Q: 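Shown below is the structure under consideration.
Position 1 is the first residue of the sequence, and the numbers go up from there. Please read all numbers here as calculations on a predicted model, not as lab measurements.
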Amino acid sequence: MSTETSIWAPVCALDDIPQLGSRVVRTDSGDIAIFRTDGDRVFAVHDKCPHKGGPLSQGIVHGDTVTCPLHSWKIKLESGEAVAPDVGCTRSFDVKVEDGQVLLKA
């Protein structure tokens, strides 16, 4: 039986993140980019492209993917994995929206 407890930490209101945009949350383990799609889905990934460390939060969101602003790698927001033919992965984080608030699993 697991004794692990998860804490959902409030980050911001959903409306604080523009559709097809992002917001960066600074943590002890690095910056986390919180993305909002045009369908109001929310995803969280480490704000570093697996290719050369580009800031994914400054990329272009399309569907459930973000394109890195440095070298145009496409990263799946749900998993953090690069879209083929590129290979690599950035860490993804659990995130959810409740009552209009974005919560990040800590």
Q: For a side-chain contact (heavy atoms from CB on, under 4.5 Å) with Val66, tell me which candidate from Val61, Thr90, Val45 qualifies.
A: Val61
Q: Which salt bridge (Lys or Arg N to Asp or Glu O under 4.0 Å) pairs, counting each pair once, include a residue from residues 50-62, with sequence neighbours left out?
A: none
Q: List the atom pairs, with distances to 0.1 Å, where a side-chain N or O of residues 8-32 and a protein N or O form a donor-acceptor pair under 3.5 Å, not counting sequence neighbours.
A:
| residue | atom | partner | partner atom | Å |
| --- | --- | --- | --- | --- |
| Asp16 | OD2 | Ala13 | N | 3.3 |
| Gln19 | NE2 | Asp38 | O | 3.2 |
| Gln19 | NE2 | Asp40 | OD1 | 2.9 |
| Ser22 | OG | Ser57 | O | 2.7 |
| Arg26 | NH1 | Asp31 | OD1 | 3.1 |
| Arg26 | NH1 | Asp31 | OD2 | 2.6 |
| Thr27 | OG1 | Ser29 | N | 3.3 |
| Thr27 | OG1 | Ser29 | OG | 3.2 |
| Thr27 | OG1 | Gly30 | N | 3.3 |
| Thr27 | OG1 | Gly30 | O | 2.5 |

Q: Could you tabulate the donor-acceptor pairs under 3.5 Å formed by side-chain atoms of residues 69-88, not counting sequence neighbours?
A:
| residue | atom | partner | partner atom | Å |
| --- | --- | --- | --- | --- |
| His71 | ND1 | His51 | ND1 | 3.4 |
| Ser79 | OG | Glu81 | N | 3.2 |

Q: With Arg41, which residues qualify under salt bridge (Lys or Arg N to Asp or Glu O under 4.0 Å), at least two apart?
A: Asp64
Q: What is the distance from atom CZ of Phe43 to atom OG1 of Thr65, rounded to the nearest 0.5 Å?
A: 8.5 Å
Q: Ile34 versus Leu104: any side-chain heavy-atom pair under 4.5 Å?
A: yes
Q: I need the full list of ring-ring contact (aromatic ring centres under 6.0 Å, His included) pairs touching residues 81-106, with sequence neighbours left out, sorted by first then second residue.
A: none
Q: Suppose we screen for side-chain hydrogen bond (donor to acceptor under 3.5 Å, both in side chains). Which residues come up paired with Thr67, at least two apart in sequence or across chains?
A: His62
Q: Using modelled atom types only, decide if a donor and an acceptor are shared between the side chain of Asp47 and the backbone of Leu56 within a distance under 3.5 Å.
A: yes
